[in-house]
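Below you'll find the structure, written out as structure tokens, and then a few comments.
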Amino acid sequence: MEYVTISKNKTRDTATIARLGMLAYRIFPDTGSINIQLLSGAQEECTIPFKDGEIVRLRDVDLRINIVD
């Protein structure tokens, strides 16, 4: 399992995951969701609830979302 740390204060940002490459995320406070998009290779994206501990699977890799202030 890989971990992605997301700051509540940044509505858009990027991160690099060793097994997946670069990803971008965008927080939608009005819907309480977050969109995660892989930027390397064939692009892939998903939208999940914006809550700490949420787990999403992209390209057979589990990502756990850690939300910080």
Side-chain angles (χ1 to χ4, degrees):
M1 182 173 301
E2 299 283 341
Y3 298 88
V4 178
T5 301
I6 294 176
S7 173
K8 289 182 194 178
N9 300 324
K10 293 184 177 180
T11 57
R12 295 173 185 238
D13 204 357
T14 60
T16 302
I17 305 298
R19 293 170 51 194
L20 293 173
M22 188 133 197
L23 62 85
Y25 70 81
R26 183 172 179 194
I27 300 170
F28 296 95
D30 54 329
T31 61
S33 63
I34 181 169
N35 179 269
I36 299 173
Q37 181 178 21
L38 294 176
L39 301 176
S40 58
Q43 291 187 356
E44 185 175 339
E45 69 178 290
C46 66
T47 302
I48 59 171
F50 183 57
K51 65 180 188 180
D52 192 48
E54 192 71 21
I55 297 175
V56 62
R57 188 170 186 84
L58 294 170
R59 293 191 192 150
D60 297 324
V61 176
D62 290 328
L63 295 175
R64 183 179 190 277
I65 307 300
N66 297 321
I67 299 174
V68 296
D69 289 329

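Note: hydrogens, waters and symmetry copies are ignored here, and every other heavy atom, side chains too, is used. Residue numbers count from 1 along this sequence.
Leu38 and Val61 fall within a single hydrophobic cluster, where Ile, Leu, Val, Met, Phe, Trp and Tyr are joined by side-chain heavy atoms under 4.5 Å apart, directly or via other members.
Across every non-hydrogen atom of Pro49 and Glu54, the tightest pair is CD-OE2, 3.7 Å. Nearest heavy-atom pair, Arg64 versus Met1, reported as atom, atom and distance to 0.1 Å: CB-SD, 3.6 Å. Taking both residues in full, the closest heavy atoms of Gly21 and Ser40 are given as CA-OG, 3.9 Å, listed atom of the first, atom of the second, then distance.
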Would you please test Thr14 and Leu23 for side-chain contact (heavy atoms from CB on, under 4.5 Å) and show each step? CA-CA 6 Å; Thr14 60; Leu23 62 85; over 6 Å; no

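Within the model, atoms CG of Leu58 and CD of Glu45 stand 10.0 Å from one another, a figure rounded to the nearest 0.5 Å. Atoms CZ and OG1, on Phe50 and Thr31 in that order, are 10.5 Å from each other to the nearest 0.5 Å. Rounding to the nearest 0.5 angstrom, the gap separating the CZ atom in Arg26 from the CD1 atom in Ile36 is 14.0 Å. Between the CD atom in Glu2 and the CG atom in Leu20 there is a gap of 6.5 Å [rounded to 0.5 Å]. To the nearest 0.5 Å, the span separating CD1 on Ile27 from CD1 on Ile34 amounts to 5.0 Å. Atom CD1 of Ile48 sits about 10.0 Å away from atom CD1 of Ile55, to the nearest 0.5 Å.
Side chain of Asp52 to backbone of Ile67: a donor-acceptor contact under 3.5 angstrom is found.
Around CZ of Arg12, the count of heavy atoms belonging to other residues, nucleotides or ligands within 6.0 Å does not exceed 12. Counted within 6.0 Å of CG on Asp69, heavy atoms from surrounding residues, nucleotides or ligands total 12 or fewer; the atom is thus considered open.
Inter-residue side-chain proximity for Tyr25 and Ile6 is flagged as met; some heavy-atom pair is nearer than 4.5 Å.
Looking at Ile17, Asp13, Thr16 one by one, the single match for side-chain contact (heavy atoms from CB on, under 4.5 Å) with Val4 turns out to be Ile17.
Donor-acceptor pairing under 3.5 Å is lacking for the side chains of Gln37 and Glu44.
With sequence neighbours excluded, no residue forms a side-chain hydrogen bond (donor to acceptor under 3.5 Å, both in side chains) with Asp60. When the side-chain hydrogen bond (donor to acceptor under 3.5 Å, both in side chains) test is applied to Thr47, the partners found at least two apart in sequence or on another chain are Asn35.
Other cluster members for Phe28: none, since no ILVMFWY side-chain heavy atom sits under 4.5 Å from it.
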